[in-house]
Amino acid sequence: MGIRFILMVNKQGQTRLAQYYEWLTLEERRALEGEIVRKCLARNEQQCSFVEHRNYKIVYRRYASLFFLVGVDNEENELAILEFIHLLVETMDRHFGNVCELDIMFHLEKAHFMLEEMVMNGSVVETSKANILSPIQLMEKAS
Amino acid sequence: MGSQGGFYQSKEFLDLVKSIGEARSKAEEDRIVLHEIDTLKRRISEPDIPKRKMKEYIIRLVYIEMLGHDASFGYIHAVKMTHDDSLLVKRTGYLAVTLFLNEDHDLIILIVNTIQKDLKSDNYLVVCAALNAVCKLINEETIPAVLPQVVELLAHPKEAVRKKAIMALHRFYQKSPSSVSHLISNFRKRLCDNDPGVMGATLCPLFDLITLDVNSYKDLVNSFVSILKQVAERRLSKAYDYHQMPAPFIQIKLLKILALLGSGDKQASENMYTVLGDIFRKCDSSSNIGNAVFYECICCVSSIYPNPRLLDSAADVISRFLKSDSHNLKYMGIDALGRLIKISPEIAEQHQLAVIDCLEDPDDTLKRKTFELLYKMTKSTNVDVIVDRMIDYMISINDNHYKTEIASRCVELAEQFAPSNQWFIQTMNKVFEHAGDLVNIKVAHNLMRLIAEGFGEDDDNADSKLRSSAVESYLRILGEPNLPSVFLQVICWVLGEYGTADGMFSASDITGKLCDVAEAYSSDETVKAYAVTALMKTYAFEIAAGRKVDMLPECQSLMEELLASHSTDLQQRAYELQAVIGLDAHAVEGIMPSDASCEDIEVDKGLSFLNGYIQEAIEKGAQPYISENERSGVLNMGNFRNQDHHEPSHGLRFEAYELPKPVVQSRIPQALLPSTEIVPVPEPMYPRETYQTPVPSNSSSAGSAELKLRLDGVQKKWGRPTYTPETSTSSSTSQKTVNGAAQVEGATTLNSTRETYASRKPQVEISHEKQKLAASLFGGSSKLEKRPATGHKVSKASSHVVEKSHVPKSSKEVASEKTAPAQPPPDLLDLGEPTDTSTVPSLDPFRQLEGLLDTTQVASAANGATAASRSPDVTALYADTPPVGIHNMGDADLLSGLSNPSVTNMPGATAKPQLTQSSGKGPNPKDSLEKDALVRQMDMCGQRDCHINMIQPYGIGGGLKIQERAETLVLCSI
């Protein structure tokens with residue numbers, strides 16, 4: 001179980017998407033997100049994209065106003081996770097076309113659907129953009 | 001493209017999202033959300049809400065929870081939505097449920113039925129939605145309800161379903177391995193699936209299985225190697241390429257598995273060498289993902305049976321990582337170095353300056369990683385420098401979690417490698433002083449034992465010196481305020497045992513200090529107890545030595561206070577102290593022998609000293625003692641006990657009935673049990689005195705015994721390995737040999753340093769301090785000035801550059817060659833097993849769509865029509881291969897900038913950022929132009945070089961607003 005959670009947070013620290021792969025209560029999530037965001041937002045561009053926090057390692061990447069944060073356990077390849085984030089963004093970009101924070105906000109469920117295709121049980125299971133997006137496109141057409 | 005489609009959104013929803021997006025502070029956001037909760041509570045329970053409206057409400061609930069508020073009032077509606085006929089609504093329902101509920105929630109039981117139904121659906125997307133929910137919601141108890149269906153789905157014609165079914169099975173395995181133990185073979189089977197996605201997913205469960213039991217999977221080594229080879233040779237579909245790398249995520253997973261399988265297995269490892277060498281040669285070193293694969297290769301190479309050529313390649317990559325400007329690569333390099341030095345310790349040497357740079361880097365992450373590396377390369381020659389550094393860092397940080405970790409590492413290293421007792425005690429003092437409340441109590445016990453035992457050699461002089469220095473340092477440290485409790489316990493114990501032992505300090509000095517401690521930390525009962533017992537020992541030693549005891553006034557008042565203490569423990573200790581003071585020298589020596597903490601206390605479990613008393617009683621007619629088991633009336637007691645420990649001999653059992661066990665084990669106890677319950681216990685027949693024998697041993701010695709070290713279960717790493725005094729000589733020699741070996745090792749590294757350095761010339765001045773540090777960390781003090789010559793480095797680096805320029809070219813050639821066969825070869829494996837290779841007929845998405853439309857009743861025909869009219873260009877776009885497709889999408893400059901950080905954005909962009917109405921954006925070139933301009937502008941605000949065109953939230957397009965936001969950010973981060 002490599003990935004513990006995936007967060008999208010804007011640079012004001014507001015959560016835009018949160019997906020956890022292990023159960024945390026609402027309070028725990030709130031506290032965790034607060035601590036992590038504070039840590040990551042305080043870092044500058046020269047510093048590593050990795051931060052240790054409690055038992056997690058956070059791999060984060062910033063795209064314009066939005067931070068993508070992925071909490072992983074110790075055995076995970078950090079660079080690969082960094083690229084996983086980018087793959088996620090590329091996938092969203094392909095779907096939304098020039099994806100922006102608002103796309104995610106207005107289509108929260110779609111962003112979640114993409115994640116559901118990409119990650120299961122905390123492992124990356126699908127990396128082909130076509131495969132990730134096809135169920136969403138089919139659903140879109142159906143409704 | 002794709003903005004609205006069938007995903008209907010009302011004005012209300014848009015307004016909500018907009019206001020959340022525009023919220024300037026957490027308080028404002030909270031206010032919006034609380035208002036939203038109010039609204040939804042009223043609305044959501046209204047009758048006859050249209051589906052689409054309901055779906056929107058549910059997404060609003062998701063927002064509420066995501067922003068940290070409770071939306072439990074709406075959970076039931078999310079559960080209801082999973083019953084819906086419409087796929088989109090159903091999937092949204094499942095999504096909400098997986099976000100809201102954990103697997104033990106009461107509502108889950110309502111969903112299991114729906115999941116069961118959906119798993120049987122004809123529409124594979126419905127099946128997929130249900131399988132997603134299975135992975136999140138099914139717990140150990142509900143596994144049987146869905147297991148048969150999930151297993152059936154493993155052979156489903158759609159690869160997406162097979163993939164998710166495998167992951168569901170994986171999840172069951174994680175939750176309860178026993179529930180799927182008979183299905184493990186399915187994972188092996190699916191490894192041969194002709195869809196790369198299914199194969200790739202199967203690697204996840206296999207990784208878990210192999211982690212637990214390597215030996216059962218050795219037969220798969222060749223399969224994994226062959227898959228990896230094919231992936232690396234680009235024989236998978238192009239759809240899995242990422243930044244020109246063939247299926248890198250699958251490669252990484254395979255490398256992780258190979259690392260496990262090859263660990264300590266020469267034969268298995270030899271099968272891997274070729275493919276690993278190929279990857280080292282072919283991999284693209286200019287991209288992040290290429291380096292991720294390189295890193296995984298290094299992990300693999302350092303885990304499997306070593307191969308010199310591969311180790312050289314790994315070392316080359318590590319040095320490239322460490323020399324890189326990117327902190328991320330440095331971090332990976334340090335980590336990789338930590339793995340490789342286990343096999344070839346000499347490679348740390350050539351990177352010593354890079355390591356020290358990382359150690360002194362202001363970036364905390366890098367620093368910690370470097371400490372981890374130092375921890376791995378600590379030996380007795382450099383332990384003092386490393387531990388000192390660690391302690392300095394430990395003092396400087398506030399993060400308790402990491403402080404604990406680094407403190408325990410310091411302790412571990414100090415125990416293992418301490419060059420001298422003196423140093424050990426000083427180091428421990430520092431650790432205790434700054435992180436005392438965070439370290440394990442065992443550490444304190446270890447320290448006390450070390451001081452009591454000394455080196456365990458015959459040299460009593462050295463031991464007493466050690467103790468004197470400990471006492472001296474503790475008396476000094478006691479002056480400092482707010483010492484941690486654990487540390488105070490150690491101090492009190494040592495002062496009590498050895499405070500007056502060397503005659504440097506008088507009893508009144510020591511007792512005065514101890515009283516101060518008890519007074520200053522009056523709320524800490526444990527410390528007080530330690531202090532009182534220490535006082536008792538000090539006085540006892542005085543009395544035993546024949547000196548007159550004068551109790552200090554503060555000591556007397558302390559005693560008075562404690563004699564009336566609410567804590568029975570403290571009160572007892574005070575009374576004991578009072579009693580001891582009243583005794584004569586001889587008696588005191590008996591109960592409080594000096595320096596006897598290491599003596600074994602004989603515990604007479606048979607209470608043999610009472611034999612006479614018992615004999616007398618029996619002679620007077622008392623009945624002999626019958627053990628409890630015998631009393632309960634079961635005759636064959638020994639047998640009974642051996643058979644089953646779960647059954648208590650008598651009394652009621654309150655726990656629920658256990659699950660039926662194999663009959664053989666439980667038969668006998670079951671037969672015996674009734675009799676144990678029925679036969680009355682003849683307890684009252686015995687005179688009470690027989691078992692109410694007074695507690696043996698006099699209480700004062702018991703008191704001191706309590707304070708003696710808890711030695712059981714404490715593993716000792718430094719000094720004598722065991723507590724038993726007999727082994728002292730042999731183990732101390734082993735200690736010596738350890739040191740000797742370490743020294744020899746150090747010497748050899750010195751030699752090798754000399755050899756390597758002889759060929760280099762000193763060129764660049766490096767600060768003296770750094771050199772010194774490097775020398776003390778890596779050994780070789782005399783060769784300090786001759787640091788690795790840069791000339792050599794440069795030549796190496798330049799040769800590397802040449803290599804680099806070759807590599808991409810060749811890989812491009814390969815790529816262009818390989819483009820012709822777009823379809824992957826049907827079988828990935830040469831397992832020799834007749835796999836089901838009948839290729840799935842590639843279904844036309846539109847035919848599927850028709851099927852979809854048949855089963856799901858589409859409400860809004862208009863929406864459906866627009867979606868359908870759009871579909872052709874959508875598929876046309878996606879038919880392209882990924883890289884080309886991206887460039888086609890009108891944002892080529894940004895994305896290529898992403899994949900290659902060195903590409904800079906066009907300078908001097910003058911396009912004015914305007915208020916963007918993002919709801920209407922799409923592949924419109926004007927829009928993307930504006931966005932580009934905006935991104936560039938933000939670039940000037942000092943952002944990292946890789947961006948994607950993410951636009952500011954609603955109405956925050958202008959540069960001025962960005963600045964405002966930046967200010968908020970500063971506020972937030974403080």
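By convention in this document, chain letters (A, B, ...) are assigned in the order of the sequence lines, proteins followed by strands, and residues within each chain are numbered from 1.
At a 4.5 Å heavy-atom cutoff, the contact between Phe84(A) and chain B is made by backbone and side-chain atoms alike. Proximity to chain A involves both the backbone and the side chain of Met167(B), based on heavy atoms less than 4.5 angstrom apart. Within the 4.5 angstrom heavy-atom criterion, only side-chain atoms of His401(B), from C-beta onward, approach chain A. Contact of Arg171(B) with chain A is made through backbone and side chain together, with heavy-atom distances under 4.5 Å. Contact of Lys330(B) with chain A is not made at all, since no heavy-atom distance falls under 4.5 Å. Using a 4.5 Å cut-off between heavy atoms, Glu29(B) contacts chain A through its side chain alone, with no backbone atom that close. Heavy-atom distances place the side chain of Leu82(A), and not its backbone, under 4.5 Å from chain B. The part of Asn131(A) that comes within reach of chain B is its side chain, from C-beta onward, which places non-hydrogen atoms under 4.5 angstrom from that chain. Only the backbone of Leu101(B) comes within contact range of chain A, with heavy atoms under 4.5 Å apart. Contact of Leu99(B) with chain A is made through backbone and side chain together, with heavy-atom distances under 4.5 Å. For chain A, no part of Pro248(B) is nearby; none of its heavy atoms comes within less than 4.5 Å. Interface residue Asp70(B): backbone and side-chain heavy atoms are both found under 4.5 Å from chain A.
Among Arg91(B), Lys256(B), Arg368(B), the residue with the largest count of heavy-atom pairs under 4.5 Å with chain A is Arg91(B). Put simply, of Ser326(B), Cys204(B), Ala201(B), Ala168(B), the one with the most heavy-atom pairs under 4.5 Å next to chain A is Cys204(B). Put simply, of Gln46(A), Met120(A), Glu75(A), the one with the most heavy-atom pairs under 4.5 Å next to chain B is Met120(A). Heavy-atom pairs under 4.5 Å with chain A peak, among Lys253(B), Lys26(B), Glu296(B), Lys369(B), at Glu296(B). Comparing Met332(B), Lys136(B), Lys163(B) by heavy-atom pairs within less than 4.5 Å of chain A, the highest count is held by Met332(B). Per-residue heavy-atom pair counts under 4.5 Å with chain A were compared for Cys135(B), Gly197(B), Cys128(B), Ala247(B), and the maximum is reached by Cys135(B). Considering only heavy-atom pairs separated by less than 4.5 Å from chain B, the leading option among Gln19(A), Glu33(A), Arg29(A) is Gln19(A). Taking Leu95(B), Asp325(B), Ile250(B), Leu366(B) one by one and counting their heavy-atom pairs under 4.5 Å with chain A, the maximum is reached by Leu95(B).
Here the side chains of Leu69(A) and Cys40(A) are in contact, with some heavy-atom distance below 4.5 Å. Put simply, the side chain of Glu78(A) does not reach to within 4.5 Å of the side chain of Glu83(A), judged on heavy atoms.
No cation-pi contact links Lys110(A) to Phe96(A), judged by a cut-off of 6.0 Å to the six-membered ring centre and 45° from its axis. Under a cutoff of 6.0 Å and an axis angle of 45°, Arg61(A) and Phe67(A) do not form a cation-pi pair.
When only modelled atom types and interatomic distance are considered, Glu101(A) and Ser65(A) share a side-chain donor-acceptor pair under 3.5 Å. In this model, no donor atom of one side chain and acceptor atom of the other lie less than 3.5 Å apart for Glu116(A) and His112(A). Counted by atom type alone, Asn121(A) and His170(B) present one or more donor-acceptor pairs between their side chains at under 3.5 Å. If you check the side chains of Asp361(B) and His327(B), you find a donor sitting under 3.5 Å from an acceptor. Between the side chains of Tyr295(B) and Asp335(B), at least one donor N or O lies within less than 3.5 Å of an accepting N or O.
Between Glu52(A) and Lys57(A), no side-chain nitrogen of the basic residue sits less than 4.0 Å from a carboxylate oxygen of the acidic one, so the salt-bridge criterion is not met.
Among residues two or more places apart in sequence or in another chain, the ring-ring contact (aromatic ring centres under 6.0 Å, His included) test is passed with Tyr402(B) by none.
Aromatic pair Phe249(B)/Tyr240(B): centroids not less than 6.0 angstrom apart.
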